[in-house]
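For reference, the structure discussed in these notes is given below.
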Amino acid sequence: MTGLVPSLAPPAWVERHDAPRAGWARAGADPVAAVRAAEALRDRGDILGAAAILTELCRVFPHLPYGWRERAILRQRAGDAAGAARDFARARAADPGDLLTLIQSVRQLAGAGRLDEAQGCLSGFPTTPAQERRVARLGQLVAYMRRHPEAEAMRLAMAVRTSPRHLDTAAVEARIGDALADRSPFSLIRLGDGEGAWISDPDEEGGRFRDLYRHNRKRILETWFGTDGLVDRWDFLDLRQRFLATIPAATVVGVTYPERIRHEYAIASPDGVPCCTNVLRHVVPLLSQDGPSFCTHDIHLDLHLSGALNRLLSSGHPIGLISCHPALAAALARRPGTRVAAALLVPEEKRFTAVIGATGMPGSHYPDAFGRVMARLRSRDWTGVLWLVAAGYLGKLYCHEIAARGGVAVDIGSIADAWSGKATRPGLADLARYRLDGASPPRVEGA
């Protein structure tokens, strides 16, 4: 935040004030340090301590946007939309050209349904050339929320949830068990915001959301592969058509649910709003056709917590595994009654390398490992084999290929991380709930 204003010194009148309060004393007299101290307290759950620092910052440095902006964020998280709007207005008045304040203000107003005011903030912002793209994407988010409001997204989410083809956890387990018993093909895939970024078409509706969609694609490519270099590569773009074909061909598809939609719109998430909504826009027409059943995209968590995955692993059917965890196949094989028939290793999602650890595999997931895995899956019949697939976007194509070869494929996503003792998602913070059979996570040799 340094360098954004001409001076960080407090105005002369501050010297006439009484001694700073205790909360302020934790941070010293530096407003940047004060913000960082408040953020640290907030992240540790000490909301009152953070609020004390920020309130004093607003009092001592009212001409700076930092305190007002950060206090507005606290108010917003506490559900005080009106107070947040007031503090954001003070932050904008303190520095009308501060981009971070603009972004947070527009998202707060849009999340509260005040789209005209959000657009007004954008229209009055003195954009510099370096800020043009970010401001343009923010404007496209507001335009998207106007074109596809929360009410529409909720209607789509409820259409899935109330459909006779929507399955609860027990029904999904039963469908998997029936497929194994009948030796029939089965594919369960899950569509989250990452997949939604590739369902979204940058050229739809005249390209009015192109910058927003492309940025979301680049963001998720960085997460998956550590680079956005595939965003315009013809072979990866062609792969999108194959991915889209896996959706109507699947047996069960996990999609966004109403509570997630409400959350994403409330925070005006630049990726969550269009990506989750576009998943629903894509799948709801399938409800009027012969095609897949549906469930929540958190079904992998529900299958674990309900004991369904444990029961399926203990059912005596051979198991296949695709994951980035070298020790997980051996951990599964040590379970009584579990026989691992095949295990294929893929590189980890690069965003989580620090948490997961590098697999040490040469090359990238796409195209290198992808080509090897597809060749292996196409090499034989997988009838009667239960495949657990944890491979992100490309995993949907693996599930499709397994089912095409007679197998039963279940997209278990981050459950493979949790079984390996790696908390890669906020929902996995309590790893004790997600251990493989309640035992300690598998140990990687040399770790």
Side-chain angles (χ1 to χ4, degrees), residues 167-190 250-252 254 295-346 356 373 376-377 380-391 395 398-399 401-403 405-425 427-428 430-444:
L167 308 178
D168 62 14
T169 306
V172 171
E173 178 186 3
R175 292 284 294 274
I176 297 170
D178 290 345
L180 288 167
D182 298 340
R183 298 176 62 81
S184 58
F186 180 97
S187 172
L188 187 161
I189 62 173
R190 298 176 306 106
T251 314
V252 181
C295 63
T296 165
H297 66 47
D298 285 344
I299 190 64
H300 59 315
L301 306 179
D302 298 332
L303 288 171
H304 170 86
L305 293 172
S306 68
L309 286 177
N310 181 55
R311 290 187 289 272
L312 291 166
L313 287 170
S314 302
S315 64
H317 297 280
I319 304 298
L321 175 69
I322 303 176
S323 84
C324 66
H325 299 285
L328 185 54
L332 289 170
R334 288 194 295 269
R335 297 178 73 262
T338 299
R339 177 167 65 89
V340 177
L344 305 178
L345 194 64
V346 297
I356 295 173
V373 170
R376 178 74 175 95
L377 294 177
R380 56 159 285 188
D381 182 88
W382 297 109
T383 299
V385 179
L386 171 61
W387 278 88
L388 305 178
V389 179
Y398 300 153
C399 288
E401 194 64 38
I402 289 163
R405 307 286 164 174
V408 173
V410 178
D411 177 1
I412 65 167
S414 58
I415 282 296
D417 301 335
W419 283 352
S420 301
K422 311 295 183 181
T424 56
R425 306 295 193 277
L428 302 179
D430 184 5
L431 282 171
R433 301 178 65 207
Y434 294 98
R435 288 178 177 170
L436 186 60
D437 293 345
S440 298
R443 178 177 176 80
V444 179

To the nearest 0.5 Å, what is the distance between [atom1] ([X]) and [atom2] ([Y])?
X    : Y    : atom1 : atom2 : result
T169 : I299 : OG1   : CD1   : 4.0 Å
L328 : S420 : CG    : OG    : 4.5 Å
R334 : L436 : CZ    : CG    : 9.0 Å
R175 : S184 : CZ    : OG    : 9.5 Å
L301 : Y434 : CG    : OH    : 5.0 Å
I189 : T251 : CD1   : OG1   : 9.5 Å

Side-chain touch [X]/[Y], heavy atoms, less than 4.5 angstrom:
X    : Y    : value
Y398 : L344 : no
I176 : L386 : yes
I402 : V389 : yes

Between [X] and [Y], which heavy-atom pair has the shortest distance, and what is it?
X    : Y    : result
V346 : A391 : CG2-CB, 4.5 Å
R183 : G384 : NH1-CA, 4.1 Å
L431 : G421 : CD1-O, 3.5 Å
L345 : P326 : CD1-N, 3.8 Å
A403 : P185 : O-CB, 3.1 Å
D411 : G413 : OD1-N, 3.3 Å

Output all residues satisfying side-chain hydrogen bond (donor to acceptor under 3.5 Å, both in side chains) with R376, sequence neighbours left out; order by chain, then residue number.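 For R376 the side-chain hydrogen bond (donor to acceptor under 3.5 Å, both in side chains) partners, ignoring immediate neighbours, are S379.
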Backbone N or O of T383 within a donor-acceptor pair of the D381 side chain at under 3.5 Å?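 Yes, the answer is positive, given that a donor and an acceptor are paired below the 3.5 Å cut-off.
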Show the atom names and distances, to 0.1 Å, of all donor-acceptor pairs under 3.5 Å that link a side chain in residues 303-310 to residues at least two apart or in another chain.
unit_1	atom_1	unit_2	atom_2	d
H304	ND1	W419	NE1	3.2
H304	NE2	R433	O	2.9
S306	OG	D302	O	2.9
S306	OG	L303	O	3.3
S306	OG	A308	N	3.3
N310	OD1	R335	NH2	2.3

Please list all pairs meeting salt bridge (Lys or Arg N to Asp or Glu O under 4.0 Å) that have one or both residues in residues 317-327, counting only residues at least two apart or in different chains.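 Qualifying pairs: none.
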Please list every donor-acceptor pair under 3.5 Å in which a side-chain atom of residues 315-324 meets a protein atom from a residue at least two apart or in another chain.
unit_1	atom_1	unit_2	atom_2	d
S315	OG	L312	O	2.6
S323	OG	H325	N	3.1

Apply side-chain contact (heavy atoms from CB on, under 4.5 Å) to residues W387 and L377 and explain how you reach the verdict. CA-CA 11 Å; W387 278 88; L377 294 177; 4.0 Å; yes
Can you check side-chain contact (heavy atoms from CB on, under 4.5 Å) on L428 and S414, steps first, answer last? CA-CA 8 Å; L428 302 179; S414 58; 3.8 Å; yes
So, using side chain to side chain contact (heavy atoms under 4.5 Å, CB included) as the criterion, who are the partners of R405 when residues are at least two apart?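 In terms of side chain to side chain contact (heavy atoms under 4.5 Å, CB included), with neighbours along the sequence ignored, R405 is linked to R378, W382, E401.
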Residues D298 and T296: side-chain donor-acceptor under 3.5 angstrom: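 No - no donor-acceptor pair under 3.5 Å links their side chains.
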For R311, check salt bridge (charged side-chain N to carboxylate O under 4.0 Å, His left out) against everything at least two apart and list the hits.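 Only E173 meet the salt bridge (charged side-chain N to carboxylate O under 4.0 Å, His left out) criterion with R311.
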L388 vs I415, test: side-chain contact (heavy atoms from CB on, under 4.5 Å). Steps then yes/no. CA-CA 10 Å; L388 305 178; I415 282 296; over 6 Å; no
